[in-house]
Amino acid sequence: RTLCRHGLTVLVADGGTLSLDGDSLSLRDGADAPPVRVHAMSALVADRDVADALATTLGARPGEAWVVRPDAFVAAVVDVFDPAALQAALSRALSHAEA
């Protein structure tokens with residue numbers, strides 16, 4: 001919960017990467033949007049066995065991006081290689097109308 005409390009969080013399963021400016025994404029809507037932090041699931045814990053157990057427990061598949069709201073609710077699971085789907089999921093999580 002501590003990881004997810006500040007804005008939206010995107011957890012990326014093994015096999016996926018996101019191009020980032022630092023460790024956060026920028027939302028299309030600009031300055032009023034909350035931060036979106038991105039973390040590789042495998043990097044959340046130092047022990048590789050525990051990291052693998054996390055992905056297994058979540059049912060995460062390689063190449064997935066999990067959008068998590070500040071209340072730790074999983075808002076969406078999308079293909080990390082589909083930027084439009086990720087953008088739409090982030091907008092929905094913020095209750096923005098889709099363009």
Determine whether [X] and [Y] make a side-chain contact, defined as any pair of heavy atoms from C-beta on separated by less than 4.5 Å.
X	Y	value
His39	Met41	no
Leu86	Val80	no
Leu90	Val67	yes
Ser91	Gln87	yes

*For the residue pair Gly7 and Pro70, what are the closest heavy atoms and their distance?*
O-CG, 3.3 Å
*Can you spot which of Val77, Asp79, Val78 makes a side chain to side chain contact (heavy atoms under 4.5 Å, CB included) with Glu64?*
Val77
*asked:* Under the criterion side chain to side chain contact (heavy atoms under 4.5 Å, CB included), I'd like the reasoning laid out for Val10 against Trp66: C-alpha separation, chi angles, the key distance, then a yes or no.
replied: CA-CA 5 Å; Val10 177; Trp66 289 51; over 6 Å; no
*Show your reasoning for whether side chain to side chain contact (heavy atoms under 4.5 Å, CB included) applies to Leu8 and Val68.*
CA-CA 6 Å; Leu8 294 174; Val68 184; over 6 Å; no
